[in-house]
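The next block holds one structure in the form of structure tokens; read it before the comments.
Residue numbers begin at 1 in each chain, while the letters A, B, ... track the order of the sequences. Side chains are part of it too, since the values below use all heavy atoms of this structure and drop only hydrogens, waters and symmetry mates.
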Amino acid sequence: MAKITRKKLARGTKIYPEQTHGALSTAATQLTNATLDKNQFEKQYGTFRLNLNLPYLNSSLVAHGYPLGDVDFPRYFPRRPFAIPFTFVPFQDDVDITVRTVRVADGTFTLPPAAARFYVEEISFSFDQRAEPAAICDRWNNTNEGVLSADVGKLFFGSQSPSKGAYEIRLAIAEKEQAFFDKQEDIPTSQSLKTSLGREIWSFDLTHLYYKDVDFRQNPVLIQDINVVLETYRTYVFLIYADGLAQDRTGVGTNNLMSFAMPNIMVSMKCRTELVPHDTGNDIQNIPTHDGAINTSTVTVTTPAVGTPIAASGASGLSESMGTIDKVIRDRISGGYTENCEMQAIQRFADDSCYDIIAVPLMQNRREMVIRSGTSVLSEPYIDAVAAGGQILADRRIIPIPHPMTIQHVVLGWNWQIANQGNNGASAAANPFYIPTSAGFRVDVGVGMGTGLRSDRFDYDQIASLTMIAPDYVTNGATTTWYDKIIDRFYVLDKDEPLLHPRIIIGGQEYPSWDLELHSVPLVGAGGSGYYPQGRPIFVGKGRDNVEARRNIGGGASNCAGEENFLEVRMTIKDTVATLETEPVAPLTGHFIYSGYQGHFVYLICKKSLK
Amino acid sequence: MPWTKHPRHMTNQQFSASTTVDGSRIDEGLDQMVDHMNKLPRGDIKTRFTPATFVMGWSPQEAASTFTSPFPWLVALNEVTAVASNSADPRQFSNLQRLKGYEAQGINPFRPQIPAPAIFQNGQQHIWTTSVSFKRPVIVDSIHFAMTIDSAVAPRRPYDADWLWGVALNQQDCPVGVNPGDPAKDLTLALHVDHVYKPEDRALNSVDVMRRDFPVPLHALRNYTGAPANDMTPAYPGGELTGHYTPLKLNTPIPELSRVRFSVCIPDFTASQFGGAASDPWGTYPMFRQCFHLVMVVLEEIL
């Protein structure tokens, strides 16, 4: 609906009803039909936050055993960040993708004019310093190789040597094109060459001065007015550089080491995006049977009849009509869903929702920082030394549903990033990492909604699921399903790390060794849009008995029956062919990596309602 | 005089019977109304907030495995034993304590953990703090904290916390006011905001929300026991959802440019005169006995 216009009153002419009541009638119609447009709002943008939490980053991210001043350090170990990939996928109704034709034409996409766009407003970055102007020691501080330090979690005061503080941090956002659209991407027969990190679109330096003052430290730090545009169908990577976490490594076997950590990192990236209408229609899975239909109420402005005076008061009076509109606005207008999945009692505007992305962490905070082959995997929860297929690594997150939303897409950000397992060069040289070569290496990711938190029964509905098998397409050829729903995959560094994460080429084929991947986790059902076929958007929200009746989900009636009050995201890792302790064989050495440093994120891309 | 309709919210022009009127006044009044309708201020919209969801949590290492790292849990007290072996002497600490109201029965919050002799053993507490800075005012809508353990029928139970003082304990193994078999009441949850002028002095923090001194195992994740009627995939080896759940419905306003912290504090009766050999009620390495799930929902105005 367009903005309201009116005809001005000209001097010396008669006043006609349409000049006095025309605009008022238009306003009344907009309020009655709930067609007020976001362009009629002073503030037109909704906001959402991409919140990324890490239990910690420590010296193992950057320490490779070579002293900072060693001649080999810069060559073998380029400055290495911790990277978190994410992407913004348009709402399903805005998805318009032409899939690539392998080795013939790149894939393309079209965005409708009304599609949501995203602008980074501010970023909050924080970690725990125990409320002191000090660094927090990690498990390798002041201890010999292979010996865990008693200083873990303790405070380190004073200046750090040799040339920088413990917390010399650089934050950045990189942007890259996605392999999904590259005509060369056809694993296992051909691979996209768009596997480097891409260009930086934003960065910010946080020197140790932010963290060492007694009276004022910027922790959390708020970086404002960023105004960087993030686009759909691009891969973005949030980068955390923290070189100072590993210091003063004067040689193998010495105990004169300073090693630090950043416990409990929280990155909160606030973005603004256009307000949009909420999802309606009986094809929205699990939507209450009101199908998102709004409740309206008539606002009446009576135009004076032909030949009658234009009065101030009375049924068609000017003051009366202006007062009618004024009262509706003064009572404040509403739109969207209530907390209980009902529509607002009276809705006055159309654009009552906006984009949302919920980042769900999985497989974080593991005992050995990564999960890898060898005997250490037997220390993981639920793992015993049993036959192949009988071992399972698992994690889950419970997310109570505080407000209704429709889940549009689910994206898995899979992480192969490594961490040094020791605290000096001896362990670094002996323990490179490889992506598993087993044909049975399998990852299952599932998103479900459940009813059961403090309730009378316990049930689940599946929302999305993905199974990925055999990431090593060189060894396993056509039997791999790992890349069936791939969106993107890439390296964090331009050059490999020859000691820790080498690139192996045998018989002209390069073993897969990238750091990060993005996969689509398809929604249940059919008829939806996305990178790959999936179901229509799924409504989730806890309701009262008047909104218990729901449309089907996944082709059948909902088990939760409108009583869902939490989401659950699960991940399991197993190998059905080899035991998880099985190490690589020649020409590979070192370990297989099963889950990267500080785990993975599952992104729930939703449409949420104004509250 | 009874209330009558008026247009005063949208315009300062009023027209009444038996008063003068001219075209310019009518024009101005209608222009003001149209301008207002075409640029509705934020305050005219009742539902003008969007929720933002923070999700945190992990499944920790097994307590039976060699201890590696307690992160993100950090010992509550900042005192001399909290300083690293190769650190400079701080001479004094900025904040001996960085959280208010977390005292637990049986642990002196002003003393460190002392391993021996037994009569002086104090135990300690661990705090997990998450902080965010907000440019604009926000409303903390709700916080949901859950600790999940493995089902009693799961074949492996690395997460086996029960948050109970053991029934077999002697009375002297329990703090004053606690009996064997009692539930733990020493979990603390707090939402606090740094002081605007002295943000590094935690004693001046404004505690907006505090939840403490409640029986942890009695605030169960589920009332209904047993497996779900229909499960989701993939199957989870720890069995069905079991554990503790604290929902906090807050609606707490936070001013602009605030540094907000949410802290969880758990006790550790390892090397304590209380709790017995099993270090009840949280067990040895209490940060490894259950999985953690934390969700915070914040409402922010449209921009």
Side chain, backbone, both or neither: which part of [X] has a non-hydrogen atom closer than 4.5 Å to chain B?
| X | result |
| --- | --- |
| A:Cys354 | side chain |
| A:Asp326 | both |
| A:Ile4 | both |
| A:Phe216 | both |
| A:Thr451 | neither |
| A:Arg570 | both |
| A:Arg6 | side chain |
| A:Ala359 | backbone |
| A:Glu380 | backbone |
| A:Lys611 | both |
| A:Glu320 | both |
| A:Arg366 | side chain |
| A:Ser465 | side chain |
| A:Gln347 | neither |

Part of [X] lying under 4.5 Å from any heavy atom of chain A:
| X | result |
| --- | --- |
| B:Gln97 | neither |
| B:Asp150 | side chain |
| B:Arg157 | neither |
| B:Ser142 | side chain |
| B:Val75 | both |
| B:Ala146 | neither |
| B:Met37 | both |
| B:Pro234 | both |
| B:Thr66 | both |

With a sphere of 6.0 Å drawn around CG of A:Asp384, does it hold more than 12 non-hydrogen atoms of other residues, nucleotides or ligands?
yes
Which class fits the ring pair A:Phe41 and A:Phe349: parallel under 30°, tilted 30 to 60°, perpendicular over 60°?
perpendicular
On the 0 to 90° scale, with breaks at 30° and 60°, tag the B:Tyr159-A:Tyr382 ring pair as parallel, tilted or perpendicular.
perpendicular
Determine whether the side chains of [X] and [Y] contain a donor N or O and an acceptor N or O closer than 3.5 Å.
| X | Y | value |
| --- | --- | --- |
| B:Asn86 | A:Asn141 | yes |
| B:Arg261 | B:Thr129 | no |
| A:Ser379 | B:Gln61 | no |

For chain B, which candidate among A:Val221, A:Asp395, A:Leu148 shows the most heavy-atom pairs at distances under 4.5 Å?
A:Asp395
If you tally heavy-atom pairs under 4.5 Å between each of B:Ala52, B:Ala154, B:Ser59 and chain A, the highest tally belongs to B:Ser59
Residue, of B:Tyr245, B:Phe54, B:Tyr236, B:Tyr224, that accumulates the most heavy atom pairs under 4.5 Å with chain A:
B:Tyr236
Working to the nearest 0.5 Å, report the span between CG of B:Leu30 and CD of A:Gln19.
10.0 Å
Hey, are the side chains of [X] and [Y] touching, using non-hydrogen atoms and a 4.5 Å cut-off?
| X | Y | answer |
| --- | --- | --- |
| A:Leu610 | B:Thr50 | yes |
| B:Trp58 | B:Pro72 | yes |
| A:Thr47 | B:Ile302 | no |

I'd like to know if [X] and [Y] make a salt bridge, using a cut-off of under 4.0 Å between side-chain N and carboxylate O.
| X | Y | value |
| --- | --- | --- |
| B:Arg136 | B:Glu301 | yes |
| B:Lys198 | A:Asp215 | no |
| B:Glu200 | B:Arg259 | yes |
| A:Lys270 | A:Glu121 | no |

Residue that, paired with A:Lys608, satisfies side-chain contact (heavy atoms from CB on, under 4.5 Å) out of A:Ile358, A:Asp356, A:Ile357
A:Asp356
